[in-house]
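Just the heavy atoms: all of them, side chains too, but no hydrogens, waters or symmetry mates, feed the values below. In what follows, chains are A, B, ... by sequence order, proteins preceding strands, each numbered from 1.
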There are 2 protein chains.
Amino acid sequence: MTKVSQEQLVDVLSKHQLRKTETRIHVLNIFFNNEYALAHSALEKQLGNAYDRVTIYRTLNTFEEAGIIHQVPSSGEAKFALCHAHCDHQHHQDQHLHFNCTNCKQTFCLENVNIPTIDYPKNYEVHSLHITATGVCKNCKI
Amino acid sequence: MTKVSQEQLVDVLSKHQLRKTETRIHVLNIFFNNEYALAHSALEKQLGNAYDRVTIYRTLNTFEEAGIIHQVPSSGEAKFALCHAHCDHQHHQDQHLHFNCTNCKQTFCLENVNIPTIDYPKNYEVHSLHITATGVCKNCKI
DNA sequence: GTTTATGCAAATTCTTTGCAATACT
DNA sequence: AGTATTGCAAAGAATTTGCATAAAC
């Protein structure tokens, strides 16, 4: 079930100079095992009320500041996804399409969609680029 | 200063079978005169506390349901922008790049950026497509 | 032992709802 | 006149802050 080992999770925290607490390892594991972006509420459900709501807010903030996760532009609740290997503090590039389902409210990452390069004006400093489609996902489409 | 005449604003409301109230005309005018997507808070500021906060919430909901505005995926607060001529209740296509400035928090629409066509899986029903870049805008870049 | 994170309580802020008064058609 | 919209009050969520306790280093 678990894609990532405990050691790998701990390693991520080490690399970002964060203390290895149970909450953080648990939250990080969920992000690694999830194919879509997670909002605070979704995370809370998955954690099964094991931790205080406030702790989850703070964990998300800490991870975002550390550059482990980043906010995914979406309609409604703020959603977060893991940063990829080529992300750093300044640049977050998601080379896949985010799909927001209006029915089940989930945000999928369609990894296998080809994203063309977009030319943006030179005088704008782009840190991240997100392509978001909204509609009905394959599961909700009857 | 005003790009749109009073008649045109009233006309938009008429076309959507909405009553022509002061609040709605005022809010609509702001949307027409704004080059970027607006969050509730920004709108409230521009309206200068002339109307109740609740009324603004309801106006935004009404406009969204009527198909006059649509939510723009963003990080943080929900933001709205005018629907274009080719938008209908089901399909909102923004053929321009949205740029989220992390400094001034504004969302610009870069109209003159060429957006390539994106092929998404056939089993997903896409209603709208948004491309959002995050970074520092030309005004905030020193 | 020192520093940082957690959990609880409480304060803020954001958003929605009910209802009487008002404005629109 | 009849119906929809507004503003106020208040309820309900969502998010943040302060501080003592507990855990990590």
### Message
Does anything in residues 14-32 of chain B form a salt bridge (Lys or Arg N to Asp or Glu O under 4.0 Å)? List the pairs, not counting sequence neighbours.
### Response
B:D11-B:K15

Can you measure [X] atom [atom1] to [N] atom [atom2] for me and round it to whole angstrom units?
X     : N      : atom1 : atom2 : result
B:E64 : C:dT15 : CD    : P     : 13 Å
B:L43 : C:dC14 : CG    : C1'   : 15 Å
A:Y57 : C:dA10 : OH    : P     : 19 Å

### Message
For B:R58, give me all partners under side-chain hydrogen bond (donor to acceptor under 3.5 Å, both in side chains), at least two apart in sequence or on another chain.
### Response
none

### Task
Could I get the full list of salt bridge (charged side-chain N to carboxylate O under 4.0 Å, His left out) partners for A:K45, not counting sequence neighbours?
none

At under 4.0 Å between heavy atoms, what does [X] touch on the DNA or RNA strands: base, sugar-phosphate, or nothing?
X     : answer
A:S41 : nothing
B:R58 : base
B:R53 : base

Any side-chain donor paired with an acceptor under 3.5 Å for [X] and [Y]?
X     : Y     : answer
A:T62 : A:E65 : no
B:N34 : B:Q46 : yes
A:E44 : A:S41 : no

### For B:A42, all residues meeting side chain to side chain contact (heavy atoms under 4.5 Å, CB included), sequence neighbours excluded
B:L38

### Query
Partners of B:N49 by side chain to side chain contact (heavy atoms under 4.5 Å, CB included), sequence neighbours excluded?
none

### Query
Aromatic ring centroids of B:F80 and B:H70 under 6.0 Å?
no

Between the protein and nucleotides 21-25 of chain C, which nitrogen or oxygen pairs are less than 3.5 angstrom apart?
residue : atom : partner : partner atom : Å
C:dC24  : O2   : B:R19   : NH1          : 2.9
C:dT25  : OP1  : B:K20   : N            : 3.0
C:dT25  : OP1  : B:K20   : NZ           : 3.3

### Task
Answer whether the closest heavy-atom distance between the side chains of B:H26 and B:I30 falls below 4.5 Å.
yes

### Summary
Between A:T59 and A:V54, whichever has its closest DNA chain C nucleotide further toward 5' is A:T59

### Query
Think A:T23 has a side-chain N or O under 4.0 angstrom from the OP1 or OP2 of C:dT6?
yes

Which residues share a ring pair (Phe, Tyr, Trp, His ring centres under 6.0 Å) with [X], sequence neighbours left out:
X     : result
A:F31 : none
A:F32 : none
A:F99 : B:Y124

### Query
Taking five pairs at each end, how big is the angle between the two axes of the helix from C:dG1-D:dC25 to C:dT25-D:dA1, to 10°?
40°

### Query
So where does chain B start and stop touching DNA chain D, 5' to 3', when the test is distance under 4.0 Å to a non-hydrogen atom?
D:dG2 to D:dA9

### Task
Give, ordered by number, those residues of residues 45-52 of chain A having at least one heavy-atom distance below 4.0 Å to an atom of DNA chain D; if nothing qualifies, reply none.
none

